[in-house]
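Shown next, in structure tokens, is the structure this report addresses.
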Amino acid sequence: MPLTLEKLCQELNLSYSGNGELVIRQVCGLNKLMPGGVVFINVASDLAEIPSSSEIGVVVPVGTKSSDHNLIYAADPLALHVEITRYLHPSSEISKTIHPTAVIGKNVVLGKNVTLDAHVVLYDNVKVGANSILHAGVVVMHQCTIGENCLIYPNVTIREDCWVGDRVIIHSGSVIGSDGYGYFQRNKEHHKIPQIGNVILEDDVEIGGCCAIDRSRFYSTILGQGTKLDNLVHIAHNVEVGAHSLLTAQVGIAGSTKAGHHLVMGGQSGIVDQVEVGNEVTILSRGLISKNTKDHTVVGGAPARPAKKWKHLQALFNRLDTLFARVKRLEKLVERDSASD
Amino acid sequence: MPLTLEKLCQELNLSYSGNGELVIRQVCGLNKLMPGGVVFINVASDLAEIPSSSEIGVVVPVGTKSSDHNLIYAADPLALHVEITRYLHPSSEISKTIHPTAVIGKNVVLGKNVTLDAHVVLYDNVKVGANSILHAGVVVMHQCTIGENCLIYPNVTIREDCWVGDRVIIHSGSVIGSDGYGYFQRNKEHHKIPQIGNVILEDDVEIGGCCAIDRSRFYSTILGQGTKLDNLVHIAHNVEVGAHSLLTAQVGIAGSTKAGHHLVMGGQSGIVDQVEVGNEVTILSRGLISKNTKDHTVVGGAPARPAKKWKHLQALFNRLDTLFARVKRLEKLVERDSASD
Amino acid sequence: MPLTLEKLCQELNLSYSGNGELVIRQVCGLNKLMPGGVVFINVASDLAEIPSSSEIGVVVPVGTKSSDHNLIYAADPLALHVEITRYLHPSSEISKTIHPTAVIGKNVVLGKNVTLDAHVVLYDNVKVGANSILHAGVVVMHQCTIGENCLIYPNVTIREDCWVGDRVIIHSGSVIGSDGYGYFQRNKEHHKIPQIGNVILEDDVEIGGCCAIDRSRFYSTILGQGTKLDNLVHIAHNVEVGAHSLLTAQVGIAGSTKAGHHLVMGGQSGIVDQVEVGNEVTILSRGLISKNTKDHTVVGGAPARPAKKWKHLQALFNRLDTLFARVKRLEKLVERDSASD
């Protein structure tokens, strides 16, 4: 029996107006409405973008009025749309079991309902918390602790001694705890400095695909609670990033740099080694922080400057040809004047 | 019995002149001629680079004349050289079989002659087309469809629901269908937005090593037919790249950006989110497109400008020190004049 | 029985002064002293940073004097500290065995004490030298040769025909020998050029996490002896990098470029294709070498210029707003003068 708008709202305890018999099939986006789709808008005026009488359910702020649409009322339309998304599109079922091809070392401790899919390898002394899912091909080396409700996608590697909190998500191809890049040079050859520390991913961290997070030389490389990394991010040894930071794709943070909470790094940006970056600092795309940076700063450019200055300099740079022309003209005028003196 | 020039030309139905008894061992490049090697040249005058009477076969344009060289005639010398390369250097033999350590889920459909090498894992409801080769350690999650004649190298991950066309090649370490980077912020914490879409790789796409291609939020992230990605490329959710595009190493395209066909991105370049890029657009190395860009444009710099302007500005920038000096000189002259008024 | 300072010095044949009964537990860094820790200093004056009578062992240059500290004398304090690190923090024990889930092809030759951990796959004709350790999930394709005392971390892929020297370390997620990015265009479609060469990693090379090193078109992509790559590095086909080079995170070298020994590349820097870079060249972070570069050069910027010029231009760029203002003022002055002529 198909799911109707009325049924959906009963299930999730929502109020609605419009055609309760509308068959709901999926969530969708405003840019591509699909019959039976549920979209959301944040302001009532966006209703104008949706054809009236359409076969669409619209999650709207409480108080929105329209007799031409099927409205689902929400205090927080986006948050409710996410809830409806999870309801309509549950994850593919994972059998909560230990696959017979998984290899489990000595003294491994597994919580309740842990999933170890095909070919997972846990080295000795690993702990995995309840309800965590390790997909096929994941390798976790000695003495790691992985928290509860984690989701580790196929072919992730977690090196020895690392600590992963609860509800952490790690995408495929990433490595947690690779050696920090540490050498000392003697006779023009590089000798390896052992990297005996680890990586700590605090609760609710998410790591994108093909990221490399290096272990510390002595202590811990730390990504703070709720920090989210996009794909192909590099985090060097001894780095600490505060809670609730957003590191978008292809950014890098060099060795021993410490950043506060709510750091935001635009795409392909970076921070050099050994600097201190305050809280709530934002780096524009392609920016490169090269020195200590205060709280609440927004910076751009390489080396990074205050974003406002960076944008102003870029605008001037764009007119550099005119400046050369103006100087040339001045030279002619002044030279003529000098000649006529 | 060694392969002679005459035998090679018989096998591939080619015409030649010179020493048919020459033993052919390998293909090689003009920069490093090897005895028994076959090289190619695109214009007859390049023959001057090859010692006469050398033990080299030279693929030349039809009509090229030389009595001092062993010539193989071709309408398209490079294309024929590629054909000779495949003939002389076939891939290492792969046993077209299902390795006993491969793990195959429920309702998996395999075409004829599919190779699943050691430790491959196919989750439930996966389809793999005829003659496709999945190397050791490849993981393909639920409901994926992989076309015919694909070549998936070791340790690749393909996430659930993705669609891979025919003759697609994916290099090791890459992930297809990792979650898009989508969060909404409430109380200064980031909450995950489910990414329920997928990735579509159309026919003849090639994906380099350690690339991450994110699944769409609702619909599909799409790489068009014949598009080729180099290593370490990031493609964000909802991105669409048209057919026959070339994305070189370490480039990134941010969320929801749409680009036309024959996009060419130089090394380490990027495109920001939410922009529209026309057909046959070229971005120079390290360029960063930050706004909608018309068909047939060539751009450079970050933010990107027309390449001609970018190069002119770079040349001027390189003389910025002289401009400062010229302005200082003018100030002295003008100040003196003003003083003498 | 706990390890004392005296016992440690006996074991490693060191001389010391101070409290021989001090219990030694770990090495640590100057920025975070830990009770029972051993730190090092390079110059005697740094002793001032360490509280006197602290429960710390300090590795110091021979000749350093202090009656308030526990001193361990060394000709080379850092090198000795590394030795103490290895003594106090040995790697987790690996069983020197072939795991029963490892899959070994035909004609594979294994040296003494080779470790193949769970789910390792060796294709046909692979050779692995004595004492090398291949961690879980490593895949080595046909005809590869891996030297002695190598350490290959989980989920690394080494493609066919590659050659890895002795004491090479490769971190997780990396791929050695992916196809070079080579196509030829006909009728606006890209056709693959077979990449039949290989990759040579000379002795003592180290490759970071999630790196992609492409095989050559005809011959070999080569990383010279003792060269160290950080994470997420891209090396294109036919590239040659000389001995003892340092390529930090997220750098890329494009096709067929040759660089000498002791190349140093700062974070996120690059070198374009087809250029020759001399010995002992240094590229600052984010620099992009775009032409042939002589020995002993230090360059910065994109395109790269001599570092001194680059820094000077950056300083001038930072004052571009003042230059515009100065020109505007001059124009007013000159215009007034012209008007008053």
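Chain A is the first sequence line, chain B the second, and so forth, proteins listed ahead of strands; every chain is numbered from 1.
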Distance, nearest 0.5 Å, that separates [atom1] of [X] from [atom2] of [Y]:
X         : Y         : atom1 : atom2 : result
Ile169(A) : Ser174(A) : CD1   : OG    : 12.5 Å
Ile152(C) : Leu116(C) : CD1   : CG    : 11.0 Å
Leu247(A) : His234(A) : CG    : NE2   : 11.5 Å
Gln195(A) : Ser216(A) : CD    : OG    : 7.5 Å

Hey, which of [options] has the most heavy atom pairs under 4.5 Å with chain A?
options                                    : answer
Ala136(C), Gly209(C), Gly173(C), Ala249(C) : Ala136(C)
Thr85(C), Leu88(C), Leu229(C), Asp230(C)   : Asp230(C)
Gly208(C), Gly137(C), Cys28(C)             : Cys28(C)
Val327(C), Asp204(C), Leu330(C)            : Val327(C)

Could you pull out every donor-acceptor pair under 3.5 Å between side chains of residues 157-164 of chain A and any protein atom, sequence neighbours left out?
from	atom 1	to	atom 2	distance (Å)
Thr157(A)	OG1	Asn155(C)	ND2	3.0
Arg159(A)	NH1	His171(C)	ND1	3.4
Arg159(A)	NH2	Asp179(A)	OD1	2.9
Arg159(A)	NH2	Tyr153(C)	OH	3.3
Asp161(A)	OD1	Gln143(A)	NE2	3.3

Of the listed residues ([options]), which shares the most heavy-atom pairs with chain C below a 4.5 Å separation?
options                                    : value
Asp214(A), Thr101(A), Thr322(A), Val272(A) : Asp214(A)
Asp124(A), Val139(A), Ile193(A), Ile213(A) : Val139(A)
Lys192(A), Gln250(A), Arg217(A), Arg286(A) : Lys192(A)
Asp273(A), Val233(A), Ile235(A)            : Val233(A)

For [X], is it the side chain, the backbone, both, or neither that has a heavy atom closer than 4.5 Å to a heavy atom of chain A?
X         : answer
Glu331(C) : both
His99(C)  : side chain
Thr248(C) : both
Ser172(C) : both
Leu246(C) : both
His262(C) : side chain
Leu320(C) : both
Glu280(C) : side chain

Which atoms of [X] are under 4.5 Å from chain C, going by heavy atoms: the side chain, the backbone, both sets, or neither?
X         : result
His190(A) : both
Arg186(A) : side chain
Ala302(A) : both
Ile196(A) : side chain
Val251(A) : backbone

Spell out, as yes or no, whether a donor-acceptor pair under 3.5 Å connects the side chain of Asp203(C) to the backbone of Gly165(C).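 Not a single qualifying donor-acceptor pair exists.
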One pair to check against side-chain contact (heavy atoms from CB on, under 4.5 Å): Phe218(A) and Asn238(A). What are the steps and the verdict? CA-CA 8 Å; Phe218(A) 294 126; Asn238(A) 316 322; over 6 Å; no
Is Val156(A) close to Ile207(A) at the side-chain level, that is, under 4.5 Å between some pair of heavy atoms?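 Side-chain contact under 4.5 Å: no.
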Ile170(A) side chain reached by Leu201(A) side chain, heavy atoms, under 4.5 Å: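 Of all side-chain heavy-atom pairs linking Ile170(A) with Leu201(A), at least one is under 4.5 Å.
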Against Pro77(C), only a single residue in Val58(C), Val43(C), Val39(C), Asn42(C) fulfils side-chain contact (heavy atoms from CB on, under 4.5 Å); can you say which?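 Of all the options given, the one that passes is Asn42(C).
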Enclosure of Lys127(A) NZ (heavy-atom neighbours >12, cutoff 6.0 Å):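 Check fails, neighbour count at 12 or below.
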Could you tell me if Asn125(A) and Asn107(A) have a donor-acceptor pair between their side chains, going purely by distance under 3.5 Å?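 Distance-only check passes for Asn107(A) and Asn125(A).
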Just list the side-chain donor-acceptor pairs under 3.5 Å for residues 308-317 of chain C, sequence neighbours left out, or say none.
from	atom 1	to	atom 2	distance (Å)
Lys309(C)	NZ	Asn318(B)	O	2.9
Gln314(C)	OE1	Arg305(A)	NH2	3.0

